[in-house]
2 protein chains.
Amino acid sequence: MRVLLVEDDPTIGNAVRDHAASQGHAVDWATTIAQADAFSDVVDSDLILLDLQLPDGSGVAFLKRLRGRRNMTPVIVLTARDQISDRIEGLNAGADDYLVKPFDLGELAARIHAVARRYGQRTTPIIQLGDVEVEPAERRLTGPHGAIDLSGREWAVLDCLLRHPGTIVPKSRIEDALYALGSEVQSNTVEVYVSRLRKKLGSSHVVTVRGLGYRMDVA
Amino acid sequence: MRVLLVEDDPTIGNAVRDHAASQGHAVDWATTIAQADAFSDVVDSDLILLDLQLPDGSGVAFLKRLRGRRNMTPVIVLTARDQISDRIEGLNAGADDYLVKPFDLGELAARIHAVARRYGQRTTPIIQLGDVEVEPAERRLTGPHGAIDLSGREWAVLDCLLRHPGTIVPKSRIEDALYALGSEVQSNTVEVYVSRLRKKLGSSHVVTVRGLGYRMDVA
DNA sequence: CTGCAGCCTTCAGGCTGCTGTCAGCTTGGG
DNA sequence: CCCAAGCTGACAGCAGCCTGAAGGCTGCAG
């Protein structure tokens, strides 16, 4: 998943970014409203983490602008305990959830999961891929011989494919889900991870569509 | 599909042309507005890829002229990251989509695909050919014994035939759909691909009309 | 600090499947 | 029967894709 983090505090920012990255998410980090605008213009994020108090203005304005452009990316507002009015304003402006600072990183991860799940409209909490069971919500795989462990990146690729089952997903989109802007990765990383996924899931479900990308076949 | 590419940068142009060609599309490449006008006058493109900054004028003018002539060919605008105003102007002038440079070729392919789908969907989402199911949107075929894979060119031929079901399609038109102006292909390629298609689809649906062309019989 | 383990990225070699071409064959019409 | 048009199997060249292995990085335990 690709996350846009809008936060000016470097401590919180670093912590959030590292933690999300370790979960396999790509994090674009904006420290100002201006940067956030720029990012949201160029990048297709799956989720936005939005601090409301920023040096060059209120996050609410950014949020309203976003929704005005019909951008319905889910937004989680990060707010200090005493800024309740901000919070309400944020929710009215179109936020999906909020989190009170200081927050636990596990808590954040849980919210991210929850929002992603709601947004992805995964009606099925468990997806069957042949003899492998996928629980996206719990981030758990179970094969015929017990649990299967996936690394962060492996999971990110699988997740990206599962968001568009039966549809051709261009390699570039998977890359976008893996890497933030600025990380210059020039290699066949996606191919490598697809290869690893196939080894773990059984090769029959991830189909290569030459020149276009990959397709997840859910039987 | 037949694509008109309007782009003056030879690097981008070459890359786009080659990649689109590998998907079975025929690409006519104009490097100036004047050339683009000439092409759009002579050739019936299915899609136009339009860079806005060209040596002899703005692509927007070309676009407006096109729409003025009631030419509703879908247009994807290629724009530099910082030319946001251009982009808006382009969309207002009648573009269908835009892509920010530098873009990934897979992403471009996906957009082309999407536009084709949007356009083609006016007719039928799923087409039955005897015991074979065609999903043009997903570029997928399903036969009685499971999925059928088609290569780029094979798909292009099938697509061309499916656009005029029950009508005689001259060989020259299929050739036009496969190869751009100037590509000197001197062989019986069309016959070869029809043959390959028949082998995969079952031979009963593509009918040869001697001396005239081929006809797709949709039962 | 050192060694270890897991993860990520890169790279190169190999493999697969796509493509255009041709030659020999079949088909259909006059 | 003859000819033109069309069909199809074979093939070499090539691009895209796969995958094993190697090296770097980080975090952890001793």
Side-chain angles (χ1 to χ4, degrees), chain A residues 14-15 17-19 21-27 148-158 168-172 174-175 177-180 183-215, chain B residues 14-15 17-26 104-106 109 139 147-158 168-172 174-175 177-180 183-215:
Chain A
N14 270 310
R17 190 194 38 176
D18 293 349
H19 193 260
S22 80
Q23 301 296 312
H25 306 306
V27 180
I148 302 175
D149 286 331
L150 291 191
S151 78
R153 292 268 133 109
E154 286 164 0
W155 187 266
V157 172
L158 174 58
I168 299 173
V169 182
K171 225 186 277 191
S172 64
I174 302 180
E175 226 164 87
L178 287 180
Y179 304 102
S183 17
E184 291 178 20
V185 181
Q186 38 178 335
S187 183
N188 57 344
T189 335
V190 173
E191 292 167 17
V192 171
Y193 279 106
V194 167
S195 168
R196 288 189 185 147
L197 266 186
R198 282 178 176 145
K199 208 186 270 179
K200 290 191 175 180
L201 298 181
S203 52
S204 50
H205 288 98
V206 183
V207 183
T208 305
V209 186
R210 262 195 170 229
L212 283 179
Y214 298 93
R215 176 158 38 82
Chain B
N14 270 309
R17 191 195 35 178
D18 293 349
H19 193 262
S22 81
Q23 298 303 311
H25 306 307
D104 180 272
L105 288 174
R139 200 172 171 162
I148 303 175
D149 288 331
L150 290 192
S151 79
R153 289 269 133 100
E154 286 163 1
W155 187 266
V157 172
L158 175 58
I168 298 175
V169 182
K171 223 186 276 189
S172 63
I174 302 180
E175 222 163 276
L178 285 180
Y179 304 101
S183 15
E184 293 176 21
V185 182
Q186 38 179 338
S187 183
N188 57 344
T189 336
V190 173
E191 292 166 16
V192 171
Y193 278 105
V194 167
S195 168
R196 287 178 183 158
L197 263 187
R198 280 177 176 147
K199 203 189 274 180
K200 291 190 174 180
L201 298 182
S203 51
S204 49
H205 288 98
V206 184
V207 182
T208 305
V209 186
R210 269 208 156 216
L212 288 178
Y214 298 93
R215 177 160 38 82

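Predicted model only: the values in this text are computed from it and were never measured. So that the names make sense, note that chain A is the first sequence line, chain B the second, and so on, each numbered from 1.
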Exercise for review: Take atom CH2 of A:Trp155 and atom C1' of C:dC7, then tell me their distance rounded to the nearest Å.
Suggested key: 17 Å
Point to revise | Terminal axes of the helix from C:dC1-D:dG30 to C:dG30-D:dC1 (five pairs each): angle between them, nearest 10 degrees | key: 20°
Study note, to complete from the structure: Min and max contacting nt of DNA chain D in 5' to 3' order, chain B heavy atoms within under 4.0 angstrom, are D:dA4 to D:dA10
Point to revise | Spacing between B:Leu150 atom CG and C:dT19 atom P, to the nearest angstrom | key: 10 Å
Review point. To the nearest angstrom, how far is A:Asp18 atom CG from C:dC8 atom P?
Key: 14 Å
Practice item. Look at A:Tyr179 and C:dC8 and indicate whether a side-chain polar atom (N or O) is within less than 4.0 Å of OP1 or OP2. Key: no
Point to revise | Heavy-atom protein contacts under 4.0 Å, nucleotides 21-30 of chain C, coded B base, S sugar-phosphate only, - none | key: BBB---BS--
Review point. Under 4.0 Å between a side-chain N/O of B:Ser151 and OP1 or OP2 of C:dG17, yes or no?
Key: no
Practice item. Could you grab the distance from atom CZ of B:Arg196 to atom CD of B:Glu191, nearest 0.5 Å is fine? Key: 12.5 Å
Study note, to complete from the structure: Smallest heavy-atom separation, A:Leu150 atom then A:Lys200 atom, equals CD2-CD, 3.5 Å
Practice item. Might you point out which heavy atoms bring B:Arg198 and B:Val207 nearest each other, and give the distance in Å? Key: NH2-C, 4.0 Å
**Study point:** Nearest non-hydrogen partners of B:Leu197 and B:Leu158, listed with the distance
**Key:** CD1-N, 3.7 Å
Point to revise | Side-chain (B:Arg153) to main-chain (B:Ala21) donor-acceptor, under 3.5 angstrom | key: yes
Check your understanding: Rounded to whole angstrom units, what separation is found between the CD atom of B:Glu154 and the C1' atom of C:dC18?
Key -> 8 Å
Check your understanding: Atom OG in A:Ser22, atom CZ in A:Arg17: separation rounded to 0.5 Å?
Key -> 12.0 Å
Exercise for review: Taking all heavy atoms of A:Arg215 and all of A:Ile168, pick out the closest pair and write down the distance.
Suggested key: NE-CG1, 4.1 Å
Study note, to complete from the structure: B:Tyr179 and B:Ala26 have their tightest heavy-atom pair at C-CB, 3.4 Å
Exercise for review: Calculate the interatomic distance between B:Leu197 atom CG and C:dT19 atom C1'; express it in whole Å.
Suggested key: 14 Å
Check your understanding: If only atom types and distance count, is the side chain of B:Glu175 paired as donor or acceptor with the main-chain N or O of B:Val190 below 3.5 Å?
Key -> no
Exercise for review: Rounded to the nearest 0.5 Å, what's the gap from OG1 on A:Thr189 to CD1 on A:Ile174? Could you check?
Suggested key: 11.0 Å
Practice item. Might you point out which heavy atoms bring A:Glu154 and A:Tyr193 nearest each other, and give the distance in Å? Key: CG-CD2, 3.7 Å
